[in-house]
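A note on names: the letters A, B, ... follow the listed sequences, proteins ahead of strands, and every chain is numbered from 1.
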Number of protein chains: 2
Amino acid sequence: MTKLPGKTIERLSQYRRSLLVCVENGKDYIFSHELAELHHITPVQVRRDLMLLAYSSVYRKGYPVRQLIEAIGTKLESPEGQNVAIMGMGNLGSALSQYLASVRPKLKVVAGFDVDSSKSGKIISGVKCHALSELKSIIDSENISIGIMTVPQSAAIEACELLCKAGIKGILNFTHVSLTVPDNVFLEEYDMITSLEKVAYFVKQSEE
Amino acid sequence: MTKLPGKTIERLSQYRRSLLVCVENGKDYIFSHELAELHHITPVQVRRDLMLLAYSSVYRKGYPVRQLIEAIGTKLESPEGQNVAIMGMGNLGSALSQYLASVRPKLKVVAGFDVDSSKSGKIISGVKCHALSELKSIIDSENISIGIMTVPQSAAIEACELLCKAGIKGILNFTHVSLTVPDNVFLEEYDMITSLEKVAYFVKQSEE
DNA sequence: TTAAATTTGTGAATCAATTCACACTTTATT
DNA sequence: AATAAAGTGTGAATTGATTCACAAATTTAA
Ligand SMILES: NC(=O)c1ccc[n+]([C@@H]2O[C@H](COP(=O)([O-])OP(=O)(O)OC[C@H]3O[C@@H](n4cnc5c(N)ncnc54)[C@H](O)[C@@H]3O)[C@@H](O)[C@H]2O)c1
Ligand SMILES: NC(=O)c1ccc[n+]([C@@H]2O[C@H](COP(=O)([O-])OP(=O)(O)OC[C@H]3O[C@@H](n4cnc5c(N)ncnc54)[C@H](O)[C@@H]3O)[C@@H](O)[C@H]2O)c1
């Protein structure tokens, strides 16, 4: 299967969320210009993206919503789902585990890890928390391929190494430490400060 | 002043964070290739970005770290700072306010807002929480230009309208609802699910 | 059943971001 | 002093993403 560009993947993920809302509202078909408007992009962009799904619409009726959701899901997800671990069950880590449980059934948060031994064995926000010593064995046994890093900055590099050694395949990094991972691990930085500073910059600009 | 591309702004924000770490470590000068390596990009990219700052290095010694931090700050920030409000002081909103206080002094979280009247007047995670009825007057009096949206999905559109009407200039949106704002308001969507789904996709790919 | 209107899919063009390639400045070495 | 080495800054080329422009398919209306 061909690898889609990251930008397209991002948009497909977003389209799907809008489409799920359409289903709730009983909307069965959607035109490219409608989807475009919802996401503040052009209809051509939408069609280009959907083109890459090798997915064809019904002429003049638009795209059938349910089938489209299905088609996006087939591209984005493994049929058997993927398991996720959270590294660092503090403020953000526990907010996230609670939250993620509710949104994407195919991405299941199945374990949390924390140095704080008082958390070991406890269930925090619906996720069982383990000691770091169990990392490798649980990642193997639970078949976890994705790690979310929500440890303090100071522990980030070390925690990342542990995850990689334990055989994780993808990391979503919430710390602001720029990490280095082996080639076979996919790393996505998720940086709130940067986003906020970007907003601040454009606001400042608009005031000048 | 010329408007820099959003991509460059993002990187400048990230460079600055690395540079602050350099200062802590007593490193006074840094080469473009060092900065590049920290961020997994090319040295040319770094130099291009710094070029846009109209900032010149000392030949063969690299860029003076403190001056560079200063120069980035001048581009990114207003000297008098910018004030931020959080809309929806729930799990994420309060985690954020606590967190932001500690990282960027020029971006100050000065107020929280919530429909939940039991929160009105209380200080949550160091930020005073107000009723929605006070929104406009506090945004004016506290000179708030940036809003962070952490309300439930269902309240997102309404809350966004309120913020815009109250004269906010930039919004960082943590809900997954695609919002529409007037032209003079800068909107940045910050979407965790999309990031996580992107990681999941590339992990899936690498397994095939 | 013909003409007009709507919407898709896509080659070609454009616009944006990144990288290449290299001249130039400085420092170190001989 | 001349030469080599290390880095920078930037025009030109390349790569990638988005938009334009339009043919083809379908529906609607006359
Ligand atoms: N709180 C926020 O809203 C927020 C927002 C953006 C980014 N972040 C980033 O997320 C990270 C966590 O923030 P937080 O507010 O949840 O902090 P926190 O202190 O509440 O949580 C950190 C957790 O990690 C655990 N930990 C420490 N060292 C560890 C290690 N080596 N291995 C595993 N676990 C370890 C701690 O015991 C703690 O439970 C920080 O890097 C922060 O910069 C937080
Ligand atoms: N919790 C997370 O880790 C997380 C992660 C990513 C995104 N999000 C998104 O952030 C948003 C908030 O998540 P949360 O977990 O903090 O939810 P939450 O329910 O804990 O908090 C929401 C808060 O908003 C308040 N609120 C409701 N309607 C409001 C209105 N009209 N105006 C102002 N305040 C209002 C509620 O009283 C509550 O305090 C959601 O949209 C969620 O999708 C959350």
Side-chain angles (χ1 to χ4, degrees), chain A residues 2-15 18-19 22 27-68 71-72 75 178 188-189 194 198 201-202 205, chain B residues 2-15 18-19 22 27-68 71-72 75 178 188-189 194 198 201-202 205:
Chain A
T2 43
K3 194 156 132 179
L4 305 184
K7 284 280 181 76
T8 296
I9 294 298
E10 289 177 11
R11 283 188 300 260
L12 288 176
S13 159
Q14 285 155 14
Y15 298 157
S18 304
L19 293 169
C22 289
K27 190 172 169 64
D28 286 333
Y29 291 88
I30 191 165
F31 295 125
S32 60
H33 67 259
E34 293 175 307
L35 205 39
E37 195 173 18
L38 286 171
H39 295 273
H40 312 300
I41 57 177
T42 65
V44 187
Q45 181 75 83
V46 171
R47 296 203 297 273
R48 282 264 174 229
D49 288 334
L50 299 188
M51 224 178 101
L52 297 178
L53 287 180
Y55 182 76
S56 242
S57 77
V58 177
Y59 267 112
R60 286 253 347 184
K61 282 188 79 176
Y63 299 85
V65 175
R66 279 159 209 277
Q67 282 179 44
L68 196 46
I72 294 176
K75 268 288 177 203
S178 175
E188 175 84 3
E189 306 276 348
T194 290
K198 191 171 161 194
Y201 171 80
F202 284 109
Q205 282 295 310
Chain B
T2 42
K3 194 155 133 179
L4 305 183
K7 282 278 181 77
T8 295
I9 295 299
E10 289 177 11
R11 282 189 300 259
L12 288 176
S13 158
Q14 285 155 15
Y15 298 157
S18 304
L19 293 169
C22 290
K27 189 172 169 64
D28 287 333
Y29 291 88
I30 191 166
F31 294 124
S32 60
H33 66 260
E34 293 175 307
L35 206 39
E37 195 173 18
L38 286 171
H39 295 274
H40 312 300
I41 57 177
T42 67
V44 188
Q45 180 76 80
V46 172
R47 295 203 298 271
R48 281 264 175 228
D49 287 334
L50 299 188
M51 223 178 100
L52 297 178
L53 286 181
Y55 182 74
S56 242
S57 78
V58 178
Y59 267 112
R60 287 254 345 185
K61 282 187 78 176
Y63 299 84
V65 175
R66 280 157 209 278
Q67 283 179 43
L68 196 46
I72 294 176
K75 267 290 176 202
S178 175
E188 174 83 2
E189 307 275 350
T194 291
K198 192 172 160 193
Y201 171 79
F202 285 109
Q205 282 296 311

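Taking the side chain of B:R48 as heavy atoms from C-beta on, and the options C:dA17, C:dA21, D:dA12, the nearest nucleotide is D:dA12. Comparing atom distances between the A:R11 side chain and each of C:dA21, D:dC20, D:dT18 picks out D:dT18 as nearest. Minimum atom distance to the side chain of B:M51 is reached by D:dT10, of the listed D:dT10, D:dG7, C:dT19. Relative to the side chain of A:F31, the nucleotides D:dT10, C:dT18, C:dT8 differ in distance, and C:dT8 lies closest. Each of C:dT7, D:dT18, D:dT19 was ranked by its minimum atom distance to the side chain of A:T42; first place goes to D:dT19. Picking from C:dA21, C:dA17, D:dC20 the nucleotide with the shortest atom distance to the side chain of A:V44 gives D:dC20. Picking from C:dT8, C:dA17, D:dC20 the nucleotide with the shortest atom distance to the side chain of B:P5 gives C:dA17.
Here the P atom of nucleotide D:dA17 and the CD1 atom of A:I41 are 14 Å apart, to the nearest Å. The separation between A:L53 atom CG and C:dT8 atom C1' is 15 Å, rounded to whole Å. Note: CZ (B:R47) to P (C:dC24) measures 16 Å, nearest angstrom. In this structure, the CG atom of A:D49 is 11 Å from the P atom of D:dT19, given to the nearest Å. One can place OH of A:Y29 at 11 Å from P of D:dT27, the figure rounded to the nearest angstrom. Rounded to whole Å, the distance from CG on A:L4 to C1' on D:dA17 is 14 Å. What separates CD1 of B:I30 from P of D:dG7 is a distance of 12 Å, to the nearest Å. B:L52 has its CG atom 16 Å from the P atom of D:dT8, to the nearest Å.
Within the 4.0 Å cut-off from OP1 or OP2 of C:dG9, at least one side-chain nitrogen or oxygen of A:Y63 is found. A sub-4.0 Å separation between OP1 or OP2 of D:dT8 and a side-chain N or O of B:S32 is present.
For A:K61 and A:Q45, each mapped to the nucleotide of DNA chain D holding its nearest heavy atom, the one lying further toward the 5' end belongs to A:Q45.
Residues B:C22 and B:V65 share a closest heavy-atom pair of CB-CG1, 4.1 Å.
The one candidate from A:E37, A:Q45, A:R47 that meets the side chain to side chain donor-acceptor pair (under 3.5 Å) condition with A:S32 is A:R47.
The structure places NZ of A:K198 at 11.0 Å from CZ of B:R11, a figure rounded to the nearest 0.5 Å. With values rounded to the nearest 0.5 angstrom, B:I9 atom CD1 is found 5.5 Å from A:F202 atom CZ.
Within the 4.5 Å cutoff, side-chain heavy atoms of A:Q14 are placed close to those of A:H39.
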